[in-house]
Amino acid sequence: MIPLAQGNILKLVKLTVLVLALVFFLFDLFPLIKGISDCYGRIRMARAAVRTLTKEDKAVLQKKLETELAGLEAGFQKMQAAKTEAQSKMTREVSVPVVTLMIEDLASSQEIELRLIKPLQPQVQGKYQMIPIALEFRCDYARLVRFLSQFETLEVPVSVQSLSIHENLLSYPQLDMKLTIFVLFAEG
């Protein structure tokens, strides 16, 4: 056996560390290299496929893309129209007394015994004013559902803040209800 000088041992250790680092680096790098190679192969195949497309294939593909684009544009137009309608609903000149009259008409049309309709303190949020309106009435569940669904026909957006239902044994199936709604107005 050949005696190693201390300097040679240090060089051998450095070389071993370098080889180990290179091996670990290659283990980490190999999946990336393989992924890049696979991706490049797919790109080459796709380019070759595009070059071999016939005019008919291109026309079919173009027609498919045009159909998808038309569908997207139609959906976009519907969303724009819905947004415009919602915005115009908020900016119409409708006052709180008019809204309370509308609610009274809705209740009357559903044969709901309206006992109280009272606008509460307005709340301002950004450029919108939310006006809570407290309602107290008596009806059955079926009329309640029809009444609430009719809020969509009002001239302004309405959301339900709270609903409490109290059973009254003397008037069953009629129930005593308290409802608080928010009516949304755009600040003028």
Single-linkage hydrophobic cluster [X]~[Y], side-chain heavy atoms < 4.5 angstrom:
X: Val158; Y: Val145; value: no
X: Leu101; Y: Leu184; value: no
X: Val160; Y: Phe147; value: yes

Given 3.5 Å as the limit, does a donor-acceptor pair link the side chain of Ser108 with the main chain of Glu104, or not?
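No.
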side-chain hydrogen bond (donor to acceptor under 3.5 Å, both in side chains) partners for Glu56, two or more places apart:
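With neighbours one apart ignored, the set is Thr54.
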Specify the closest pair of heavy atoms between [X] and [Y], including all atoms of both residues, with the distance to one decimal.
X: Pro122; Y: Pro132; value: CA-CD, 4.2 Å
X: Met130; Y: Phe182; value: CB-CD2, 4.1 Å
X: Ala134; Y: Leu120; value: CB-CD1, 4.1 Å
X: Val156; Y: Val183; value: CG2-CG1, 3.2 Å
X: Gln174; Y: Cys139; value: OE1-CA, 3.0 Å

Residues Lys58, Lys55; criterion side chain to side chain contact (heavy atoms under 4.5 Å, CB included); working and verdict
CA-CA 5 Å; Lys58 289 178 182 177; Lys55 287 184 179 182; 5.7 Å; no
To the nearest 0.5 Å, what is the distance between [atom1] on [X] and [atom2] on [Y]?
X: Gln150; Y: Glu152; atom1: CD; atom2: CD; result: 8.5 Å
X: Leu135; Y: Lys118; atom1: CG; atom2: NZ; result: 12.0 Å
X: Phe137; Y: Arg115; atom1: CZ; atom2: CZ; result: 11.0 Å
X: Ser164; Y: Met177; atom1: OG; atom2: CE; result: 9.5 Å
X: Ser159; Y: Ile181; atom1: OG; atom2: CD1; result: 8.0 Å
X: Met102; Y: Ile117; atom1: CE; atom2: CD1; result: 11.0 Å

Test log, rule side chain to side chain contact (heavy atoms under 4.5 Å, CB included), inputs Leu148 and Leu179:
CA-CA 10 Å; Leu148 292 177; Leu179 173 69; 3.8 Å; yes
Is there side-chain contact between Leu106 and Thr153, with heavy atoms separated by less than 4.5 Å?
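Heavy-atom side-chain distance check passes, below 4.5 Å.
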Given side chain to side chain contact (heavy atoms under 4.5 Å, CB included), test Leu163 with Leu144 step by step and report yes or no.
CA-CA 11 Å; Leu163 171 65; Leu144 172 66; 4.0 Å; yes
